[in-house]
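Each remark here refers to the structure printed beneath this line.
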Amino acid sequence: MSDFAPRVFSGVQPTGNLHLGNYLGAIRKFVALQESQDCIYCVVDLHSITAQLVHEDLKSQIRSITAAFLAAGIDPKRHIVFNQSRVSGHAELAWIFNCVARIGWMNRMTQFKEKAGKDRENASLGLLAYPSLMAADILLYRATHVPVGDDQKQHLELTRDIAIKFNNDFSERIAEAGLGTEIAVGEETVNGYFPITEPLIGGEATRVMSLKDGAKKMSKSDPSDLSRINLTDDAEQIARKIKKAKTDPDALPSEPKGLEGRPEADNLVGIFAALAEKTKADVLSEFGGRQFSEFKPVLADLAVEKLSPINGEMRRLIDDPGHIDAVLKDGGERAGAIAEKTMRDVKDIVGFLR
Ligand code: ATP
Ligand code: MG
């Protein structure tokens with residue numbers, strides 16, 4: 001609990017086709033939260049150049065992620081939707097956070113290890129510093145809650161560490177400038193400038209796995225299109241991908257305990273549960289004992305039913321780039337106004353002359 005006004009922030013990178021994992025792990029939650037919270041949703045284009053510098057179609061990728069936000073039901077008038085590179089505060093605050101965070105913290109990040117692969121020396125410095133930019137995205141708006149998939153949990157812990165260290169290192173300056181807010185840290189109450197952000201990770205699909213490999217998460221940047229269900233896939237493609245999804249030869253168990261050691265089965269049951277807004281236990285009480293050959297077509301029909309309205313609306317929006325660009329411009333202006341105030345405060349706290 002703290003005295004910070006509740007605010008939700010989250011982002012999606014324009015790195016390829018949005019998939020079912022992005023939808024169930026993140027975007028669907030964005031939509032639900034906007035009913036009760038003040039929300040800022042960002043197409044994080046600065047992040048998209050960390051793993052691959054040159055993108056042929058970056059502009060259309062940015063528009064397509066925006067179209068997905070809108071098609072899923074995010075209201076850009078009541079909330080803020082924009083692309084990160086429009087607001088210079090993200091990069092400015094990230095620089096300050098690069099000096100707050102320690103190299104050891106970054107070296108421990110699983111996403112860096114996975115994305116850098118074996119040739120770590122040759123990865124971009126941006127890929128290593130990615131979590132510091134992510135902390136800046138969130139804290140530039142002093143957001144209190146961040147809906148994300150399970151893969152981002154570690155980065156959110158690091159965001160909290162950065163906020164704690166900044167609040168500590170500058171505690172006197174924050175108090176002198178009268179810029180502190182009460183934050184409860186365990187039993188104690190401290191006065192800090194940045195909130196200690198809470199991740200919002202929950203439900204049956206916080207980590208949707210690749211359809212080809214139950215040990216790998218479904219990702220936009222996976223070279224195999226068969227590994228994921230894209231939000232733009234049509235009914236036939238969805239059915240084909242689910243049919244080809246890797247499974248084991250056994251029938252479905254009748255209880256979730258029976259999914260242990262069966263990652264592919266667990267994944268498909270989790271996807272079904274999340275799409276149907278049920279628990280895995282509910283799904284298994286209905287399908288326990290049945291073969292995948294029976295389960296997969298029902299899952300495909302459900303996925304088509306849930307995704308096709310979004311798919312149709314996305315296509316319509318993508319055909320009207322002028323509208324999307326206007327949404328991003330307006331959102332960027334409103335985000336920029338909040339960011340400017342934070343950057344003024346931060347410059348005063350750090351002690352720069354302005
Ligand atoms: P990339 O491969 O380029 O990193 P990505 O698919 O991981 O792309 P991001 O833009 O990095 O997508 O993440 C956007 C949001 O989607 C984040 O909140 C992330 O946690 C969530 N997310 C990504 N993949 C999954 C997944 N497989 N299951 C659930 N949530 C996911
Ligand atoms: Mg990712």
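If you read the sequence from its start, that first residue is 1, and numbering goes on from there. Please read all numbers here as calculations on a predicted model, not as lab measurements.
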Would you tell me whether [X] and [Y] have side-chain atoms, one donor and one acceptor, within less than 3.5 Å of each other?
X      : Y      : value
Thr181 : Asp3   : no
Thr247 : Glu264 : no
Asp233 : Asn311 : no
Asp137 : His90  : yes

Side-chain ([X]) to main-chain ([Y]) donor-acceptor, under 3.5 angstrom:
X      : Y      : answer
Glu204 : Thr279 : no
Arg102 : Val100 : yes
Ser219 : Ser221 : no
Lys243 : Ala300 : no
Arg86  : Gly331 : no
Lys296 : Ala245 : yes
Thr189 : Glu182 : no
Lys29  : Gly25  : yes
Ser227 : Ser210 : no
Lys153 : Val148 : no

What pair of heavy atoms forms the shortest contact from [X] to [Y], and how long is it?
X      : Y      : result
Gly270 : Lys280 : CA-CE, 3.7 Å
His145 : Leu200 : CB-CD1, 3.7 Å
Ala163 : Phe194 : CB-CB, 3.9 Å
Phe82  : Gly332 : CB-N, 3.4 Å

Please enumerate all residues that pass side-chain contact (heavy atoms from CB on, under 4.5 Å) together with Ser132, with sequence neighbours excluded.
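Listed in chain order: Phe97, Asn98, Met106.
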Tyr193 and Phe166 aromatic ring geometry - parallel, tilted or perpendicular at 30°/60° bounds
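The arrangement is tilted - the two ring planes meet at 30° to 60°.
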Atom CD of Glu188: over 12 foreign heavy atoms under 6.0 Å
no
If you count the non-hydrogen atoms of other residues, nucleotides and ligands that lie under 6.0 Å from CD in Glu255, is the total more than 12?
no
Hey, are [X] and [Y] close enough for a salt bridge, meaning a charged N less than 4.0 Å from a carboxylate O?
X      : Y      : result
Glu92  : Lys347 : yes
Asp325 : Arg63  : yes
Glu236 : Arg240 : no
Asp348 : Arg344 : no

Can you pull out every ring pair (Phe, Tyr, Trp, His ring centres under 6.0 Å) where at least one residue sits in residues 295-351? Sequence neighbours excluded, please.
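Listed by first then second residue: Phe272-Phe295, Phe287-Phe295.
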Are any of the side-chain heavy atoms of [X] and [Y] separated by less than 4.5 Å?
X      : Y      : value
Gln37  : Arg7   : no
Met343 : Phe352 : no
Leu139 : Pro195 : yes
Pro253 : Arg262 : yes
Val44  : Val12  : no
Ile196 : Thr159 : no
Leu18  : Ile65  : yes
Val8   : Ile40  : no

When you group the ILVMFWY residues by side-chain heavy-atom contacts below 4.5 Å and let the links chain together, are [Y] and [X] in the same group?
X      : Y      : answer
Phe4   : Ile338 : no
Leu284 : Phe292 : yes
Ile310 : Val43  : yes
Ile164 : Val346 : no
Val190 : Leu179 : no

Hydrophobic cluster (4.5 angstrom, side-chain heavy atoms) - remaining members for Ile103
none
Where do Glu313 and Arg316 land on the salt bridge (Lys or Arg N to Asp or Glu O under 4.0 Å) test, with the steps shown first?
CA-CA 5 Å; Glu313 182 61 7; Arg316 194 187 67 77; 2.9 Å; yes
Given Asp222, which of Lys216, Lys217, Arg228 fulfils the salt bridge (Lys or Arg N to Asp or Glu O under 4.0 Å) condition?
Lys216
Measure the spacing between [atom1] of [X] and [atom2] of [Y] and express it to the nearest 0.5 Å.
X      : Y      : atom1 : atom2 : result
Ile242 : Leu268 : CD1   : CG    : 7.5 Å
Ser254 : Glu286 : OG    : CD    : 13.5 Å
Met314 : Ile318 : CE    : CD1   : 4.5 Å
Lys220 : Thr15  : NZ    : OG1   : 3.0 Å
Asp45  : Ser85  : CG    : OG    : 3.5 Å
Ser64  : Leu317 : OG    : CG    : 10.5 Å

Verdict with reasoning, Met209 to Met218, per side chain to side chain contact (heavy atoms under 4.5 Å, CB included):
CA-CA 5 Å; Met209 306 309 277; Met218 190 178 279; over 6 Å; no
Counting only pairs under 3.5 Å, give me each side-chain donor-acceptor contact of residues 111-122, with atom names and distances, residues two or more places apart or in other chains.
| residue | atom | partner | partner atom | Å |
| --- | --- | --- | --- | --- |
| Gln111 | OE1 | Gln152 | NE2 | 3.0 |
| Asp119 | OD2 | Asn122 | ND2 | 3.4 |

Please determine whether salt bridge (Lys or Arg N to Asp or Glu O under 4.0 Å) holds for the pair Asp330 and Arg334, giving the CA-CA distance in whole Å, both sets of side-chain angles, and the decisive distance to 0.1 Å.
CA-CA 6 Å; Asp330 170 63; Arg334 287 184 291 134; 3.1 Å; yes
Exercise answer: donor-acceptor pairs, residues 51-58 side-chain atoms, under 3.5 Å, sequence neighbours excluded:
| residue | atom | partner | partner atom | Å |
| --- | --- | --- | --- | --- |
| Gln52 | NE2 | Val54 | O | 2.7 |
| His55 | NE2 | Ser48 | O | 2.8 |
| His55 | NE2 | Gln52 | O | 2.9 |

Extract all donor-acceptor atom pairs below 3.5 Å that involve side chains of residues 66-81 and protein atoms in other chains or at least two apart in sequence.
| residue | atom | partner | partner atom | Å |
| --- | --- | --- | --- | --- |
| Thr66 | OG1 | Ile62 | O | 2.7 |
| Asp75 | OD1 | Lys77 | N | 2.8 |
| Asp75 | OD1 | Arg78 | N | 3.3 |
| Asp75 | OD2 | Arg78 | NE | 3.3 |
| His79 | ND1 | Cys39 | N | 3.1 |
| His79 | NE2 | Gln34 | O | 3.0 |

